[in-house]
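Model, not experiment: these values are computed from the prediction. Just so it is clear: chains get the letters A, B, ... in the order the sequence lines come, proteins before strands, and each one is counted from 1.
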There are 2 protein chains.
Amino acid sequence: MNANDNAPALEFWFEFASTYSYIAAERIVDLAAKAGVRVAWKPFLLGPIFQAQGWNDSPFNLYPVKGRYMWRDMERLCARHGLPFAKPALFPQRSILAARLALALEHEPRCPAFVRGVYRANFAQGRNIGEHAVMEAALAEAGLDPAHWIARAETVKDALRAQNERAVQVGIFGAPSFVSGNEIFWGNDRLEDAVAWHAEVTRGAR
Amino acid sequence: MNANDNAPALEFWFEFASTYSYIAAERIVDLAAKAGVRVAWKPFLLGPIFQAQGWNDSPFNLYPVKGRYMWRDMERLCARHGLPFAKPALFPQRSILAARLALALEHEPRCPAFVRGVYRANFAQGRNIGEHAVMEAALAEAGLDPAHWIARAETVKDALRAQNERAVQVGIFGAPSFVSGNEIFWGNDRLEDAVAWHAEVTRGAR
């Protein structure tokens with residue numbers, strides 16, 4: 001099946017510091033293509049959303065028992081999906097530059113390649129995505145001009161703030177989230193459900 | 001396949017006030033039977049575990065955006081699995097009597113029928129499982145003598161406290177959780193993974 005270019009896209013809301021968003025970013029391209037579903041890549045920042053709930057850190061750090069579970073769960077899931085994984089020394093990493101870059105790239109065909117490269121840097125390659133040099137390398141590896149896109153990232157600061165406000169309005173509280181019309185699906189575990197739902201919407205079956 | 005009576009059981013840790021535990025309780029019997037896996041039913045209370053994290057209510061009430069999502073997610077999941085569902089007027093409901101009863105019943109063949117009846121009372125039938133009369137009806141519907149088991153529930157108060165302490169020691173922080181040896185699987189979404197893992201352990205493949 002080919003995606004219908006005129007149909008509304010399934011929105012994939014992701015945070016570069018989010019572990020489960022890594023797995024979803026790796027899986028969504030093939031799953032959506034098989035279902036004939038277009039994907040809109042929506043970077044956002046969980047930090048402001050967590051702060052509004054009274055959290056000044058990742059809940060996986062604030063609640064260490066849950067954090068220990070999450071890292072083991074990531075090991076098992078990545079093994080099952082054949083994804084490389086190495087627990088980063090720093091978590092969560094500062095993701096604002098990566099988010100601005102992904103937003104600047106949202107209409108570029110190479111956006112997904114860049115996004116997946118950033119996730120591998122964070123969760124498989126032991127790099128710190130908060131560093132400019134790491135972002136430049138990720139752009140270059142995705143076939144994108146680093147200097148050009150780093151400059152463009154400076155121009156989307158307000159747009160990223162607006163994107164985050166929209167996330168809150170939609171009812172997003174975590175990452176990854178998938179949005180199809182008024183339906184939100186939260187978590188990598190809901191990716192198949194979200195794609196199936198959106199495929200039905202696209203076909204007019206819902 | 002028949003479950004091997006000598007093999008260690010997959011531990012199913014559930015809280016009667018937990019929405020996703022309802023779905024897991026309905027699904028685990030068939031899934032485990034098909035995989036030849038024995039299940040040990042482990043009622044516990046999330047309240048003390050949440051209080052130790054600084055929460056004095058369900059996170060779905062403390063974080064209303066997440067709560068709204070959860071109720072919609074429950075609607076979708078119950079529809080998919082063919083389970084009756086009606087959002088209870090009171091959430092979370094007081095589950096200590098139900099938990100004591102389930103612990104008193106842990107070695108009874110009718111324990112799963114009682115557990116599933118309590119979940120349906122809470123999440124499908126608009127009843128309050130904190131009421132003695134509702135528990136007596138659930139016992140009777142499961143073919144169990146209400147007076148006998150209500151009296152027995154009084155004798156397992158310390159045992160339920162010890163069960164909760166073990167949950168904390170194991171690293172459980174939410175419900176449902178499934179425990180196979182040193183592995184914890186959290187959430188109804190992990191039920192298939194937990195059963196498959198435990199089946200491999202039982203066969204000596206892990």
Side-chain angles (χ1 to χ4, degrees), chain A residues 13 20 23-24 46 48-55 59-81 167-194 196-198 200-201 206, chain B residues 13 20 23-24 46 48-55 59-81 167-194 196-198 200-201 206:
Chain A
W13 290 78
Y20 292 107
I23 302 181
L46 273 178
I49 292 172
F50 284 172
Q51 279 163 24
Q53 294 184 1
W55 299 342
F60 296 122
N61 291 339
L62 294 172
Y63 305 106
V65 176
K66 193 169 184 172
R68 270 194 298 280
Y69 171 79
M70 181 275 287
W71 293 114
R72 175 63 184 138
D73 195 41
M74 282 294 295
E75 282 180 354
R76 289 188 308 227
L77 290 176
C78 288
R80 187 211 305 166
H81 293 301
V168 171
Q169 282 161 8
V170 164
I172 287 171
F173 55 89
S177 290
F178 313 96
V179 177
S180 172
N182 291 323
E183 296 289 331
I184 301 174
F185 297 83
W186 171 51
N188 170 62
D189 295 325
R190 291 284 176 285
L191 175 52
E192 282 83 353
D193 289 357
W197 185 283
H198 195 74
E200 291 192 15
V201 170
R206 277 200 191 267
Chain B
W13 291 78
Y20 293 107
I23 301 181
L46 273 177
I49 292 173
F50 284 172
Q51 279 163 23
Q53 295 183 3
W55 299 341
F60 296 122
N61 291 340
L62 294 172
Y63 305 107
V65 176
K66 193 169 187 174
R68 270 194 298 280
Y69 171 79
M70 180 276 286
W71 291 114
R72 176 62 185 138
D73 195 42
M74 283 295 294
E75 282 179 354
R76 289 188 309 226
L77 291 176
C78 288
R80 188 211 302 166
H81 293 301
V168 172
Q169 283 162 7
V170 164
I172 288 172
F173 54 89
S177 291
F178 313 97
V179 177
S180 172
N182 291 323
E183 297 289 331
I184 301 174
F185 297 83
W186 172 51
N188 170 62
D189 295 326
R190 290 285 175 284
L191 174 52
E192 282 83 353
D193 289 358
W197 185 283
H198 196 74
E200 291 191 14
V201 170
R206 280 201 189 264

Q: Sequence neighbours left out, what passes side-chain hydrogen bond (donor to acceptor under 3.5 Å, both in side chains) with A:Trp55? Give chain and number order.
A: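 By the side-chain hydrogen bond (donor to acceptor under 3.5 Å, both in side chains) rule, A:Trp55 matches B:Tyr63.
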
Q | Inter-chain contacts: residues 167-175 of chain A against chain B, heavy atoms under 4.5 Å | A |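 Heavy-atom contacts from residues 167-175 of chain A to chain B are A:Gly171, A:Phe173.
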
**Q.** Contact check, side chains of B:Val65 and A:Gln53, non-hydrogen atoms, under 4.5 Å
**A.**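 The answer is no, as the side chains (C-beta and beyond) never meet within the 4.5 Å cut-off.
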
Q.
Can you tell me which portion of A:Arg68 sits under 4.5 Å from chain B's heavy atoms? Options are side chain, backbone, both or neither.
A.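 The answer is neither part of A:Arg68.
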
Q | Qualifying salt bridge (Lys or Arg N to Asp or Glu O under 4.0 Å) pairs, either residue in residues 174-187 of chain B, two or more places apart | A |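 Those involving residues 174-187 of chain B are A:Arg72-B:Glu183, A:Arg76-B:Glu183.
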
Q.
Please determine whether the number of non-hydrogen atoms from other residues, nucleotides or ligands lying under 6.0 Å from atom CH2 of B:Trp186 exceeds 12.
A.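 Not buried by this count: 12 neighbours or fewer within 6.0 Å.
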
Q) Under the ring pair (Phe, Tyr, Trp, His ring centres under 6.0 Å) test, which residues partner A:Phe60, sequence neighbours left out? A)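 A:Phe60 satisfies ring pair (Phe, Tyr, Trp, His ring centres under 6.0 Å) with no residue once adjacent residues are dropped.
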
Q. Which bit of B:Leu77 is near chain A, if near means a heavy-atom gap under 4.5 Å: side chain, backbone, both or neither?
A.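 Interface part for B:Leu77: side chain.
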
